[in-house]
Asker: 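One structure, as structure tokens, below. Some questions next.
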There are 2 protein chains.
Amino acid sequence: MSPRSPEPRQGRATILDVAAAAGVSRQTVTRAMNDMTGISQATRERVQRIAAELGYTPSRFAKGLVQGARTSIGLAIPDLTNPYFPAFASSVVEAATARGWNVVVDDYGHGTGNALDAAARLAPQVDALIGYLGDHAVAAQAMLGRRPIVGLDDPQAPAAGSISFDYAYAARLGLERLVARGCRSIAFLDSGQGGIAAGRGSAVSAAAAERGLQLLKFAAEPSAVHAREAVTAFLAGKAELDGLLVFNDLMAAGALKALQAAGRNVPGDVAVIGMDGIPLGELVSPELTTLSLDLRSVGRAAVGLLEGLLSGAIEPRASDSALLLRHELVVRQSA
Amino acid sequence: MSPRSPEPRQGRATILDVAAAAGVSRQTVTRAMNDMTGISQATRERVQRIAAELGYTPSRFAKGLVQGARTSIGLAIPDLTNPYFPAFASSVVEAATARGWNVVVDDYGHGTGNALDAAARLAPQVDALIGYLGDHAVAAQAMLGRRPIVGLDDPQAPAAGSISFDYAYAARLGLERLVARGCRSIAFLDSGQGGIAAGRGSAVSAAAAERGLQLLKFAAEPSAVHAREAVTAFLAGKAELDGLLVFNDLMAAGALKALQAAGRNVPGDVAVIGMDGIPLGELVSPELTTLSLDLRSVGRAAVGLLEGLLSGAIEPRASDSALLLRHELVVRQSA
DNA sequence: GTGCGCAACGTGAACGTTCACGAAGAAAGC
DNA sequence: GCTTTCTTCGTGAACGTTCACGTTGCGCAC
């Protein structure tokens, strides 16, 4: 048995297998496979045919090693089942695809995982990272070494690049709307998770204090069902309620359900405002008034930042590497 | 200038940079970085510290080349903004992560892309592929060479592994429900896209014929807004309608909106049944009765199939490589 | 003091591809 | 006929890591 049989049964065929089968050299196979010049049309076709017969596909490792490709980015998100994140992921994938990059997606919400686990899984696979990393951005950067990170919603300790949201502005906008509608007893349904999620709650509290508003706060895990249960429990208490600002649209959708189940009319009895502006808001009844984010622009911005960081056009942790985006009030039916 | 300066400014640091800076050999750095035996604790820590200072991270290409890792799978889906697909993607990512695999996600719905473009982008990056490939499964297999593909919803020309859905069964279940409710004028809102999507429509037609039912069919692009417009236009026509079966839940949600806008009570005037069983169905009003799929089990099954194909435990295109899953009627409020 | 074993560390080879260069042969110009 | 040019193809080296060895030095038993 020769060390390299003409048609290896196991393991992937290599370029040398194809070369041997075609009676040419490595380089000629390379020329044929990559549509390079310096090869006759006849040879090109013959080699391609033989390659296909052998099921040969070039090793991405060997190719990447010699070419030094930088084309894989990681995307770390907490929960693909919360519609906000696929909407965001979709725009990241679109922007990355336009640049010829691949996106390795890691959803760290399963089980007890956190962003650091996701970073650890992605670190050996990618050239850069985009993600909701919260407090773990620093540790993630250590894992990534010199490869850039664009962190979302990390205004405290921004990563090399960062995209944050002006929650103070959003909170003012939301409360203003509720007050303008005549709401007197306003509550904020927060996310029960700390970390990344804390910014919204404190911004709303601050905005309420600024206006001299008494603000009731309660919290739930960030899902529709949990929000529904939390609102039901809240309504069972004595508290008055005629205006409700909610951590995100998904939870707001759950809140709507609970209010309706409790016989409260929305927006007649209780006005509800969500946050994020996901398409779901237009499908629920009543349609959700929300503090909307242009999610496609968020993804584009993140990938654009990353491109700048990778090329060196943008300095890490500089003024132009930290973006602050604003929500916009989209008035529909719920408030 | 020596060919390898102690602290290279540009380009990633290599194992040799670390070795030189620490005054040890490659192999010792390897031992330190990978927590191997045969190294003193003092040296291990010193090397790790120096590696961190240099921002060294091992090249995935070199590592993959020598270790022959098979840990990246591609996931090709048409549209991340349709909630069905992230729900599916989430379960694939979860199952893949549990096996230590990474998932490269490609969303080919942007612009004019199709599944073949996605396969072409993914082919150089992954060791296997899961996806909604439709007619392109054969062409995709050519790009993947010997690497296995698990295709979804491709009963005609199954890939190496395939997961299909028993639409005949689902259609009978749905129509049965509508008839049992007393519906006489039943329509099916189909997806305007051919290819992958055609199976549902023909199954519903067949099931209707089987029952001797007259079935009205109309179609729209598979999004909530398009479905809403299509239903509005349909209602503006003369046709009677008291039962509506819809291609998927997202479109059904749009249909609900249109029916309500036209003053039709659901389910009083028109009963509506969706398909897929995505969480959205519980958030709309009335809550959507649907032909539900256990999406987590679909992802698990796909990854399990892939694992079998990769390990050789499952033969491509064999009886055990083609799974047929059944929908289940989940009765909520809309029918 | 000789031999042995073990811990700690180093070196050649290999993974599969592309790049840079070189060589052979044919066609073309004079 | 000779050189030149162009097309077609082949060969050494390199990418950065791990694997399988080999080597050194030290302690210890006899």
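To find a chain, count down the sequence lines: A is the first, B the second, and so on, and within it residues start at 1. Only a predicted model underlies this, so the values are computations on that prediction, with no experimental measurement involved.
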Asker: Mind running a 4.0 Å heavy-atom check of residues 29-39 of chain B against DNA chain D and sending the residues that fall below it, in number order?
Answerer: B:Thr30, B:Asn34
Asker: Is there a side-chain polar atom (N or O) of A:Ser59 under 4.0 Å from OP1 or OP2 of C:dG16?
Answerer: no
Asker: Nearest of C:dG10, D:dC9, D:dG10 to any side-chain atom of A:Ser40?
Answerer: D:dC9
Asker: Could you tell me whether a side-chain N or O of B:Arg317 sits under 3.5 Å from a main-chain N or O of B:Ala159, the two making a donor and an acceptor?
Answerer: no
Asker: Do any side-chain nitrogens or oxygens of B:Thr43 fall under 4.0 Å of OP1 or OP2 in C:dA8?
Answerer: no
Asker: Roughly, in whole Å, what's the span from CZ in A:Arg60 to P in C:dC15?
Answerer: 18 Å
Asker: Within this structure, what is the CZ-to-C1' distance between A:Arg70 and D:dC15, rounded to whole angstrom?
Answerer: 15 Å
Asker: Without decimals, in angstroms, what is the distance between A:Leu16 CG and C:dC15 C1'?
Answerer: 11 Å
Asker: What is the distance from atom CD1 of A:Ile73 to atom CD1 of A:Ile130, rounded to the nearest 0.5 Å?
Answerer: 4.0 Å
Asker: Under 3.5 Å, is there a donor-acceptor pair between the A:Arg121 and B:Thr97 side chains?
Answerer: no
Asker: Any Lys/Arg nitrogen of B:Glu94 or B:Arg296 sitting under 4.0 Å from an Asp/Glu carboxylate oxygen of the other?
Answerer: yes
Asker: What nucleotide, of C:dG12, D:dG16, D:dG10, holds the atom closest to the side chain of B:Arg26?
Answerer: C:dG12
Asker: Within a strict 4.5 Å, meaning less than it, do heavy atoms of the A:Ile39 and A:Thr28 side chains meet?
Answerer: yes
Asker: Go through the steps for A:Thr57 and A:Arg12 under the test side chain to side chain donor-acceptor pair (under 3.5 Å), then give the verdict.
Answerer: CA-CA 8 Å; A:Thr57 49; A:Arg12 278 169 55 176; 3.3 Å; yes
Asker: In whole Å, I'd like the distance from the CD atom of B:Gln41 to the P atom of C:dC9.
Answerer: 11 Å
Asker: Work out which heavy atom in B:Ala13 is nearest to a heavy atom in A:Arg146; give both atom names and the distance.
Answerer: N-NH1, 4.0 Å
Asker: Which nucleotide in the set C:dA13, C:dT17, C:dG10 lies at the smallest distance from any side-chain heavy atom of A:Lys63?
Answerer: C:dT17
Asker: Can a side chain N or O of A:Thr28 be found less than 4.0 Å away from OP1 or OP2 on D:dC9?
Answerer: no
Asker: For B:Gln27 and for A:Tyr56, locate the closest nucleotide of DNA chain C by heavy-atom distance; then report the residue assigned to the nucleotide nearer the 5' terminus.
Answerer: B:Gln27
Asker: Any donor-acceptor pair under 3.5 Å linking the side chain of B:Ser90 with the backbone of B:Pro86?
Answerer: no
Asker: With axes from five pairs an end, tell me the bend angle of the helix from C:dG1-D:dC30 to C:dC30-D:dG1, nearest 10°.
Answerer: 50°
Asker: Can you name the atoms? Protein N/O to nucleotides 26-28 of chain C N/O, anything below 3.5 Å, with the distance.
Answerer:
none

Asker: In this structure, how many angstroms lie between the P atom of D:dG16 and the CD atom of B:Gln67, rounded?
Answerer: 17 Å
Asker: By nearest atom, which of the nucleotides C:dG10, C:dA20, C:dG16 is closest to the B:Val24 side chain?
Answerer: C:dG10
Asker: Can you tell me how far C1' of D:dG10 sits from CD1 of A:Ile15, to the nearest Å?
Answerer: 13 Å
Asker: Taking the six-membered ring where the residue is Trp, are the ring centres of B:Phe88 and B:Tyr132 under 6.0 Å apart?
Answerer: yes
Asker: From CD of B:Glu45 over to P of C:dA8, roughly how many Å is that when rounded to an integer?
Answerer: 13 Å
Asker: Measure the distance from CG on B:Leu65 to C1' on D:dC19 and round it to the nearest whole Å.
Answerer: 13 Å
